[in-house]
2 protein chains.
Amino acid sequence: METAGKLDRAVGARAMKPQQIREAAARLFLAQGYGAVSMDAVAREAGVSKATIYAHFADKAELFADLVKEECARQWPDTAMLESEPGDLREALMAVGMVYAELLVSPKGVQTFRMVVAESPRFPELGRAFYDGGPRLIRDKLAAYLARAEAQGKLALGDPRLAAQQFLAMLRCEHHLRALTGLDPAPAPAEIARVVAGATDMFLRAYGR
Amino acid sequence: METAGKLDRAVGARAMKPQQIREAAARLFLAQGYGAVSMDAVAREAGVSKATIYAHFADKAELFADLVKEECARQWPDTAMLESEPGDLREALMAVGMVYAELLVSPKGVQTFRMVVAESPRFPELGRAFYDGGPRLIRDKLAAYLARAEAQGKLALGDPRLAAQQFLAMLRCEHHLRALTGLDPAPAPAEIARVVAGATDMFLRAYGR
DNA sequence: GTCTATAGGCCGATAGAC
DNA sequence: GTCTATCGGCCTATAGAC
């Protein structure tokens, strides 16, 4: 197609088709899983031929692993608020709790979690990318934040890392479980807020001064 | 085979082959997932022909769903301790916490969780069977137990159900996450005990009297 | 780089003998 | 009920033209 060819050169979009492929494959794989998506389906969704896919990706496994790893790296929320000096603790816990809890039950969050858990036996790299880039990172940042708050006399923790784990675990609540099992794909934001407030209250009752 | 035929009749084992099929299929499906297991593989593992499988199960989907549902119903631990009158609270929380936390990271527990989460989009019944038979049941029993303890003046809860969720969520901890993602398939029992003790301590600090 | 066409294999499910 | 043998289809991956 002459027009498309000229457009490619006009915008310097050498990586246009590869990008189309990545986006189409990500949509399909995340929604349906590795085994249920055929390369024909990816080609159709991307509007290219199957041969074009194989010109850019070695095989189906590489395409899948590439995309899921990318999704693992990108989806995590901004936690800059945990790097500043501790101000109002309740406010900080509510804020970080809300963004994390909402991510957990969001469509993207649920799909990514599903793929990683389902395919990590065959793609061990996915488990590593997901855990290190997400839960582990957040836990470390929160643990450091809590330790600083304790140094300021605002908390009485035994083990900051354990305390961080406990708070985050309370966010991976039944709403998360119900979203993962398809029983409640989209919990109401008010419900999420209630759980986050509950976790914050309980955390401060146990560890606050 | 004459001998096997006589044996079948001798022990009245009309359902011998079906049982072999169930066990073989359960092993393979739980370990490798729906898409990765072929009916040929099930036949080989069970020591029967493919046609025999289809004489007992309508198709691959039914066989899979049957087995996973069965596993969902069977695996949950005994929670009779939550039905008696509340005695020592710390002891009860530690006991129920240990059996639940150990189940969560056990090979069977991890495999079942993986299958349910991975396949619930295509098999919604699995999500229902898992959630209602497991997490929901335990949560309801624990909530009722905590409410009775509160009536005895042993606790000061806002919402018993929320409190039960919080305690159980702390058991679905990072060990669970790491087991699901294949990063740490078998956490040390001492590590589990530490998490359960931590959850119990924190719970009693927040809600105890 | 991108296409059409196809190789080559495996899979789910069934037919028919016993 | 159980087997052997096989069908039709779909899937991954590639060859070869442009």
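A quick note: this is a predicted structure, and the numbers were derived from the prediction, not measured. Quick note on labels: first sequence line is chain A, next is B, and so on, each numbered from 1.
Taking atom CZ of A/Phe57 as the reference point, atom P of D/dT14 lies 15 Å away to the nearest angstrom. Going from atom CD1 of B/Ile53 over to atom P of C/dT14 covers 13 Å, rounded to whole Å. Regarding A/Glu62, its CD atom lies at a distance of 15 Å from the C1' atom of D/dT12, rounded to whole Å. The distance between atom NZ of A/Lys17 and atom P of C/dT2, rounded to the nearest whole Å, is 5 Å. If you measure from atom CZ of A/Phe64 to atom P of D/dT12, you get 13 Å, rounded to the nearest angstrom.
OP1 or OP2 of D/dC3 sits under 4.0 Å from a side-chain N or O of B/Thr52. OP1 or OP2 of C/dA13 sits under 4.0 Å from a side-chain N or O of B/Tyr54.
Along DNA chain D, the nucleotide nearest A/Ala51 and the nucleotide nearest A/Lys60 are compared for position; the residue whose nucleotide lies closer to the 5' end is A/Lys60.
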*Hey, mind stepping through B/Lys108 and B/Phe113 against side chain to side chain contact (heavy atoms under 4.5 Å, CB included) and telling me if it holds?*
CA-CA 8 Å; B/Lys108 265 284 176 71; B/Phe113 195 96; over 6 Å; no

*asked:* salt bridge (Lys or Arg N to Asp or Glu O under 4.0 Å), that's the test. Do A/Glu23 and A/Arg27 meet it? Break it down for me.
replied: CA-CA 6 Å; A/Glu23 287 168 13; A/Arg27 260 193 308 278; 5.1 Å; no

*Begin from the C-alpha positions of B/Met81 and B/Tyr145 and carry the test side chain to side chain contact (heavy atoms under 4.5 Å, CB included) through to its verdict.*
CA-CA 9 Å; B/Met81 66 190 90; B/Tyr145 180 91; over 6 Å; no

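For A/His56, counting side-chain heavy atoms from C-beta on, the closest listed nucleotide (C/dT14, D/dT2, C/dG1) is C/dG1.
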Please list every donor-acceptor pair under 3.5 Å in which a side-chain atom of residues 123-135 of chain A meets a protein atom from a residue at least two apart or in another chain.
unit_1: A/Glu125; atom_1: OE1; unit_2: A/Lys69; atom_2: NZ; d: 2.8
unit_1: A/Arg128; atom_1: NH1; unit_2: A/Asp132; atom_2: OD1; d: 3.3
unit_1: A/Arg128; atom_1: NH1; unit_2: A/Asp132; atom_2: OD2; d: 3.3
unit_1: A/Tyr131; atom_1: OH; unit_2: A/Arg139; atom_2: NH2; d: 3.3
unit_1: A/Tyr131; atom_1: OH; unit_2: B/Glu174; atom_2: OE1; d: 2.6
unit_1: A/Tyr131; atom_1: OH; unit_2: B/Arg178; atom_2: NH1; d: 2.9

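Scanning atom types as modelled, one donor and one acceptor separated by under 3.5 angstrom connect the side chain of B/Lys50 and the base of C/dG12.
A search for salt bridge (charged side-chain N to carboxylate O under 4.0 Å, His left out) contacts involving B/Arg44 returns nothing, not counting sequence neighbours.
Contacts between residues 28-43 of chain A and DNA chain C, defined by a heavy-atom separation under 4.0 Å, are absent.
Ring geometry, A/Trp76 versus A/Tyr100: the interplanar angle falls from 30° to 60°, so the pair is classed tilted.
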